**Q** 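This is the structure, below, for whatever I ask next.
Position 1 is the first residue of the sequence, and the numbers go up from there. Computed from a predicted structure; not experimentally measured.
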Amino acid sequence: MMNRYRKTGMILLLTGSLLAGAVTPAFADNSASGAQAADGQVSFQAPSAENTAAAETAAAAGSDNGSSSRTITAGAGETAADMGGPGASESASQSGTIVAGSGQASGETVSSGETASSGETSGETAGTAQPGASTETGSTDPAQSGQPLVPVGTGELTESQGAELEAEQAAAEAEASQLNNPLVVPQREPRLQTTVLTLGLQNWSTPFVNDQDITTDGTGFSGISTFMENIHGDLLYRTYSSANGWSEWVLNGQQTGHVSTMVPVEAIQYRFKGPVADSFDLYYTTTLSDGTQTGWAKNGQTAGTMGQGLYITGYRLAFFRKGTEATVDTANPLKAAHADGVQVVDGVLRYIHGDGSNFTGWGWVENDQYYFQDSYPVTGWQYIDGYKYYFAEDGKLVTDVESLLPAGGPYMLKINKEMNCLTVYAKDGDNGFIIPVKAFLTSVGDDTPIGTFKTPEKYRWRLMIHDLYTQYATRLSPGMPILMHSIIYDRPDPFSVWASTYNNLGIARSAGCIRLATIDSKWIYDNCAIGTTVTVYNSSKPGPFERPTIMYEIPFEQTWDPTDPNVTPEMIAAETQRIIDKSNP
């Protein structure tokens, strides 16, 4: 069996092939990073070409970021067009500490005795825990300085002095705990790179990194593409023009729709989803063709203009860690006759368009999705865009309707290879499989075949090449060395998982198999009978539901999948203690 030292060696060897097949990183030098100016505004110094090239070399080796400040830092990256997800490599922190990235390989041996031709590869980044909170600048440890622990002339500590010493001791203990705990995940920040399709030159601009002013020399633009890296989750965005309306939401470097019409964009919306949204709020402000600088919109709100005969000539992005004050002006982000989007009017949820008219279509409140008919949210079962959806009493789209359907299916599976997203469908009588039941995040590969298949067999634990294992494997088609299965394990033991294969779902590339979180592969194993139809296809739209994300990043040393229903809290507590004891002999 492969021990963790051998695994780490394989990870480092395979990093290059993963990056070559999945992502082309381009990182800016971290010395040219954003900083919080004295007036509260975010400042930025552009990276030099020499520093950018040096940082790209570090990124290709799989560097890792452990920065934790709330202000924006410089960084950039590019992904292959068919990835639909952030890069697997990550940039160095401002401190200059670089942790080697990694890749992983697995494959399978087919039960009939033939040797499978497919292996699987995924990227892995080993994080280093950052120190905890330090004492204030200028404070001194009395025990080391020789100073008395009590005020001179009193013989005892005051209440405030005692509290201060206790706080300093607690901070020191917390710092030591963080440094010695291998199950601590380093804090990360998004790194954003934006290009726009300018109307003047009619080509894509050079990249703008993080909080740089995105400008078009006054000509406007017809499309945007913003790539996010260095943190798990998704970045979604879309554009509006009076000629085309709102484009579809796109994510992580995709181009917004309507670019070929060369009509100027009048309004934009951005939002984070998944772990990045749990940690950060995303803000954006626009500059209009009449010189107006709008206020900052936040987390999916509309910024720009509507119905005023104006358009956007530039904009700026910023993000702030949740729980901290956003030092930006949020008044008047939209120049229009009326506020645009979902809002409460007379105590009732409504969607009012920026021109003041009622609205019919999809609307979002951050990542909660609704459908509005004449500005009011629908509820219950609804036929929309060829699908049958269910909406709760408050109007929110329900993205897991299994409990509302008859038990046992039958189900059909559709895997969007381009977007790493699997959707489960149920049958709506003679209408066919048009009820989206739930969606799963996947990792697929270039060799994942396109077409329609019927599953022939299943395996509870499955031995793969390189002496690795997966749980809950379902073969895609008879004689085909391609399976839908869990993430990767060292052995048939739920406490031997490769943490990176969970963290990099939706990012890493396999050599053909369809990799899922353990709970999702188990759902397919338990609920989809032999002979279930599976269709694999390509589309830039994930499916009828938005693409899921992982729940949160797990540390490199964690040995269990956080979604695995086979592990109990008591088992996790014991394994956690074992890992900590092993790292602190």
Side-chain angles (χ1 to χ4, degrees), residues 41-42 192 194 196 199 208 211 213-216 218-224 226 235-250 256-258 261 263-272 277 281-320 326-346 348-370 372 374-377:
Q41 296 301 310
V42 179
L192 308 177
T194 300
V196 296
L199 293 174
F208 300 93
D211 66 325
D213 287 320
I214 299 163
T215 61
T216 62
T219 63
F221 55 92
S222 64
I224 60 180
T226 302
L235 170 71
L236 297 99
Y237 46 94
R238 63 177 181 168
T239 61
Y240 170 86
S241 69
S242 54
N244 298 313
W246 284 106
S247 67
E248 296 279 359
W249 287 100
V250 295
T256 56
H258 308 143
T261 64
V263 172
V265 169
E266 299 169 37
I268 58 174
Q269 293 177 344
Y270 273 82
R271 58 190 167 97
F272 287 141
D281 291 314
L282 180 60
Y283 290 79
Y284 37 98
T285 180
T286 62
T287 302
L288 306 182
S289 52
D290 66 350
T292 298
Q293 184 72 45
T294 69
W296 293 74
K298 171 186 177 184
N299 296 347
Q301 296 172 342
T302 304
T305 182
M306 286 183 170
Q308 305 294 302
L310 303 173
Y311 55 89
I312 298 174
T313 59
Y315 67 100
R316 189 180 181 189
L317 301 170
F319 51 82
F320 294 85
T327 54
V328 295
D329 181 5
T330 58
N332 304 314
L334 180 70
K335 188 171 183 178
H338 195 281
D340 175 74
V342 182
Q343 51 210 273
V344 177
V345 180
D346 297 329
V348 178
L349 198 68
R350 301 275 302 279
Y351 191 124
I352 308 297
H353 195 266
D355 62 8
S357 64
N358 288 341
F359 175 82
T360 295
W362 293 102
W364 281 260
V365 178
E366 297 195 0
N367 290 306
D368 290 328
Q369 189 172 348
Y370 301 79
F372 294 86
D374 293 330
S375 89
Y376 290 94

**Q** Any chance you could lay out the side-chain contact (heavy atoms from CB on, under 4.5 Å) test for L235 and L282, step after step, and finish with the verdict?
**A** CA-CA 10 Å; L235 170 71; L282 180 60; 3.6 Å; yes

**Q** Mind checking the OG1-CG spacing from T285 to D211? Nearest 0.5 Å is all I need.
**A** 12.5 Å

**Q** What's the shortest heavy-atom distance between G354 and A336, and which atoms?
**A** O-CB, 3.5 Å

**Q** I would like to know whether W246 and D340 meet side-chain contact (heavy atoms from CB on, under 4.5 Å); could you show each step before the answer?
**A** CA-CA 12 Å; W246 284 106; D340 175 74; 3.9 Å; yes

**Q** R271 and side chain to side chain donor-acceptor pair (under 3.5 Å): which single residue from N367, N299, D281 fits?
**A** N367

**Q** Taking all atoms of both residues into account, what is the closest heavy-atom pair of R238 and Q269, and its distance?
**A** NE-OE1, 2.7 Å

**Q** Is there a donor in the side chain of T286 and an acceptor in the side chain of T294, or the other way round, less than 3.5 Å apart?
**A** yes

**Q** Does the pair H353 and F372 meet the rule for a ring-ring contact (aromatic ring centres under 6.0 Å, His included), with working shown?
**A** CA-CA 11 Å; H353 195 266; F372 294 86; over 10 Å; no

**Q** Just grab all the salt bridge (Lys or Arg N to Asp or Glu O under 4.0 Å) pairs involving residues 351-363, residues at least two apart or on different chains.
**A**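 Every candidate salt bridge (Lys or Arg N to Asp or Glu O under 4.0 Å) pair involving residues 351-363 fails, so no pair, neighbours aside, qualifies.
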
**Q** Can you confirm whether N332 is buried at CG, in the sense that more than 12 heavy atoms of other residues, nucleotides or ligands lie under 6.0 Å from that atom?
**A** no

**Q** Name all residues meeting the side chain to side chain contact (heavy atoms under 4.5 Å, CB included) criterion together with V250; count only those two or more places apart in sequence or in a different chain, and write none if there are none.
**A** Y237, Q254, T256

**Q** Sequence neighbours excluded, which residues qualify as side chain to side chain contact (heavy atoms under 4.5 Å, CB included) partners of E248?
**A** K541

**Q** Which heavy atom in F208 sits nearest to a heavy atom in D213, and how many Å separate them?
**A** CD2-O, 3.4 Å

**Q** Could you work out, with ring-ring contact (aromatic ring centres under 6.0 Å, His included) as the rule, every residue matching H258, not counting sequence neighbours?
**A**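 Expected list: none.
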
**Q** Does the side chain of R350 pick up a donor-acceptor pair with the side chain of S375 at under 3.5 Å?
**A**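 S375 and R350 do have a side-chain donor-acceptor pair below 3.5 Å.
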
**Q** Please list, chain by chain and in numerical order, all residues satisfying side chain to side chain contact (heavy atoms under 4.5 Å, CB included) with L310, sequence neighbours excluded.
**A** L288, S289, D290, T305, Q308, K335

**Q** N358 and D374: side-chain donor and acceptor closer than 3.5 Å?
**A**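 D374 and N358 do not have a side-chain donor-acceptor pair below 3.5 Å.
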
**Q** Measuring from atom CD1 of I268 to atom CG of L317, what distance do you get when rounded to the nearest 0.5 angstrom?
**A** 6.5 Å

**Q** Give a yes or no on whether the backbone of G300 and the side-chain of Y284 come within a donor-acceptor separation of less than 3.5 Å.
**A** yes

**Q** What are the two closest non-hydrogen atoms of Y315 and T194, and how far apart are they?
**A** OH-CG2, 3.2 Å

**Q** For residues N244 and T261, determine if any side-chain heavy atom of one lies less than 4.5 Å from a side-chain heavy atom of the other.
**A**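 Yes, side chains in contact.
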
**Q** Hey, would you say the Y270 and F319 ring centroids sit under 6.0 Å apart?
**A** no

**Q** Got a second to check how far E266's CD is from L334's CG, nearest 0.5 Å?
**A** 10.0 Å

**Q** Looking at every heavy atom in both P377 and L349, which two are closest together, and how far apart are they?
**A**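 Nearest pair, atom of P377 first, then L349: CD-O, 3.3 Å.
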
**Q** Tell me every residue that passes ring-ring contact (aromatic ring centres under 6.0 Å, His included) with Y283, counting only those two or more places apart in sequence or in another chain.
**A** F320

**Q** Is a donor on one side and an acceptor on the other found under 3.5 Å between the side chain of T216 and the backbone of G314?
**A**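 Judged by distance alone, no pair lies under 3.5 Å.
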
**Q** I need the minimum non-hydrogen distance between W296 and R316, along with the two atoms involved.
**A**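 Heavy atoms only, the tightest pair is CZ3-O, 3.8 Å.
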
